[in-house]
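Data block below; observations after.
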Amino acid sequence: MERLNPSQERVVKHFGSPLLVVAGAGSGKTKTLAHKVEFLIREKGISPERILAITFTNKAGREIRERVKRVVGVELSWSGTFHSVAMRLLRERGKEVGLEPDFGIISEADRNQLIKQLAQHRGFSPERLKAYISRRIENLDEEHPPLEETFQEFLYALKEMKLLDFSGLMFYFYRLLREKPLLKDRFDFVLVDEFQDTNTVQYEVIKILSGENICVVGDPNQCIYGWRYARPDNILRFREDFSPQVIKLEHNYRSKPYILHVANAILEASHAQWKELVPVLKPVRQGEEKPSVRRFEREEEEALWIAQKTKELLGLYKPSQIAVLVRVGYITEPIERAFYSLKVPYRVVGAVRFFERAEVRDALSFLKVLINPRDRLSFWRAVGIATRGIGEKTLQLVLELGRGDCLEGSWLALKRLPQQKAKELFHFLKTLDVFRRNLENYPYALEELLNSLDFWTYLEESYKEDEERGKNIRELLRYLRQKHEEGYSPEDVLQEVDFLLEQEEGEGAVRIMTVHASKGLEFDVVFLPRLEEGVLPHERARESQEELEEELRLFYVAVTRAKDLLFMSYTKSSKPSRFLSCIPKDFLDLSSFKRKSAYMPELESLHKIGVGDRVRHEVFGEGVVLSLQDSKALVEFKSGRKSIHTAFLHPVL
């Protein structure tokens with residue numbers, strides 16, 4: 001306990017009633033949670049098997065397990081994401097809600113294809129059906145009759161194939177808990193990390209599983225997944241439903257003081273209803289360096305400066321300690337070119353994850369169909385690669401004859417098909433049979449199968465002049481050989497692929513990634529380019545105050561990734577981000593501007609605005625100016641009072 005600050009110690013020792021921990025960025029929450037688990041085991045005598053620790057990522061779950069093992073010397077067996085916990089319990093008890101215990105996970109691409117087929121059959125747009133499915137499952141929205149029948153068809157189709165999607169894991173987990181209330185007694189203590197990122201169905205799961213002994217940890221100012229139905233107001237719901245004690249972790253061990261001054265200024269600009277809950281960050285580290293702001297003529301000039309500055313800093317920092325964080329992926333192209341031209345090692349993180357690549361899914365479809373012959377989407381993909389004459393009618397015949405088992409149905413269909421189709425399908429089935437007989441040596445058997453099906457020619461024909469596709473398949477085979485040597489079965493490998501949400505990165509490259517992908521990470525040096533209107537905040541944020549608030553939280557997350565140095569920049573091609581005007585100039589290094597007053601001249605109002613004037617704002621509509629202070633106006637809108645830079649106000653004539 002001597003290594004914990006007073007607030008952390010209070011979190012660790014709290015017991016006997018619900019607890020809400022509002023943990024600011026860099027406040028040592030993972031260490032605090034690990035010590036809390038130690039306290040529960042050593043001081044309260046709770047068995048490790050009776051503690052459930054839910055994390056937002058598999059990486060965070062591993063980190064807590066490793067810390068607990070290092071500190072306490074025991075395995076925390078129930079630590080992982082909502083989805084991994086749901087999968088484990090559904091494999092144990094899924095039959096009670098109609099699931100087979102050996103179900104698989106459908107890939108995102110195959111899920112989209114299934115939704116497209118169902119939507120077209122019913123005359124809906126795939127986008128409309130996809131959105132409805134997400135709202136029904138993630139947000140537990142009410143049924144909408146025209147789409148509900150198709151939603152039920154979607155669930156039935158997956159069930160027939162012995163497959164689930166990730167949202168389906170939570171849907172059936174929720175059903176299981178509602179229908180089997182005895183499961184509530186499975187755990188004596190529930191810990192939930194990154195609580196601000198929970199959606200409605202996850203909140204309801206927690207509500208069912210938890211009694212008095214629950215501790216949730218979150219920071220609503222770091223909720224940046226609204227588009228995934230994350231609900232930062234779940235923290236307010238938790239206060240209403242559980243009446244918890246609230247403890248704030250305010251001491252930041254990550255960033256130097258001026259970076260935190262900037263972060264706190266961003267927080268102050270928020271109008272969120274939970275604003276009073278969010279801790280004002282207090283620096284623990286020392287340092288006088290101020291975050292820098294620069295303005296460039298063009299994006300190429302900005303990119304070149306970032307590359308040059310990075311090269312200069314590589315004498316002090318490892319490449320992996322430096323990151324360029326962007327709001328949208330398309331702005332990385334000039335940065336990549338600049339890094340390449342100056343020979344700065346870099347890696348774009350999260351563009352298309354390896355196992356989501358089409359050619360990788362092509363190769364794995366053969367393994368998937370042998371493991372789960374009812375997975376008709378993998379069968380369809382595999383047979384499409386191996387044959388040329390098999391169409392949708394043949395597939396329907398196969399499904400009918402095999403009652404959902406694609407391999408059994410294929411053998412039965414041979415006698416009913418025209419000679420050429422039967423010949424192609426027979427060759428495919430015999431090839432799969434050879435593969436199955438050597439399944440224990442699956443990496444080598446898969447390589448032989450791909451060779452026998454002339455898969456490399458297929459790659460060349462399907463993905464014209466893209467040699468990276470072949471390299472990716474060779475990397476897949478190398479990965480499979482490694483897993484085989486480590487004792488992984490084919491089923492183990494496919495489950496790992498399903499849950500491999502985060503790529504492990506090496507030490508030798510600067511990271512270029514989106515701000516969303518940087519959540520939970522930290523870097524000694526952070527560059528934030530293109531801080532402009534339409535980029536951050538994103539152009540679609542103009543549609544609502546709620547989306548504008550999420551963009552502000554995204555900026556907060558980006559700033560708080562930096563430990564030592566923070567460089568912010570924008571180009572003259574667009575207006576600088578309104579969020580920059582939230583930061584007092586005294587917190588910033590503006591030495592690149594000839595005069596301090598020259599900083600962000602574009603934010604100077606084009607109109608003369610006085611107290612009592614009626615004005616219009618793009619998001620809030622019309623209002624009346626109540627007071628003016630420097631460049632800020634306090635305006636009374638229908639939605640309430642807002643403090644806004646006058647550059648974003650237009651007089652109503």
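In this chain, numbering begins with 1 at the start of the sequence shown.
- At a threshold of 4.5 Å between non-hydrogen side-chain atoms, the residues R381 and L377 do not count as touching.
- Salt-bridge formation is detected for the pair E204/R237: a Lys NZ or Arg NE/NH1/NH2 atom is positioned less than 4.0 Å from an Asp or Glu carboxylate oxygen.
- Note that R128 lies outside the cation-pi zone of Y132, set by a 6.0 Å cut-off to the ring centre and a 45° limit from the axis.
- Between F238 and F195, a ring centre-to-centre spacing shorter than 6.0 Å is recorded.
- With hydrogens and angles left out, the side-chain atoms of E400 and Q396 include no donor and acceptor closer than 3.5 Å.
- Using a 4.5 Å heavy-atom threshold, the side chains of L164 and L99 count as touching.
- Rounding to the nearest 0.5 Å places CD of Q202 at 9.0 Å from CG of N234.
- The pair E194-K29 meets the salt-bridge criterion, with a side-chain N (NZ, NE, NH1 or NH2) lying under 4.0 Å from an Asp/Glu carboxylate O.
- Electrostatic pairing of K44 and D188 does not count as a salt bridge here, judged by no charged N lying under 4.0 Å from a carboxylate O.
- In this structure, R91 satisfies the cation-pi test against F103, with its NZ or CZ atom closer than 6.0 Å to the six-membered ring centre and inside 45 degrees of the ring normal.
- At a cut-off of 3.5 Å, with distance as the only test, no side-chain donor of S77 or E75 sits close to an acceptor on the other residue.
- There is a side-chain donor-acceptor pair under 3.5 Å between E38 and H35.
- Within the 4.5 Å cutoff, the side chain of W456 has heavy atoms near those of the N451 side chain.
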Let's go through T200 and N139 carefully: what are the C-alpha distance in whole Å and the side-chain angles of both, what is the deciding distance for side chain to side chain donor-acceptor pair (under 3.5 Å) to 0.1 Å, and is it a yes or a no?
CA-CA 5 Å; T200 301; N139 219 30; 2.9 Å; yes
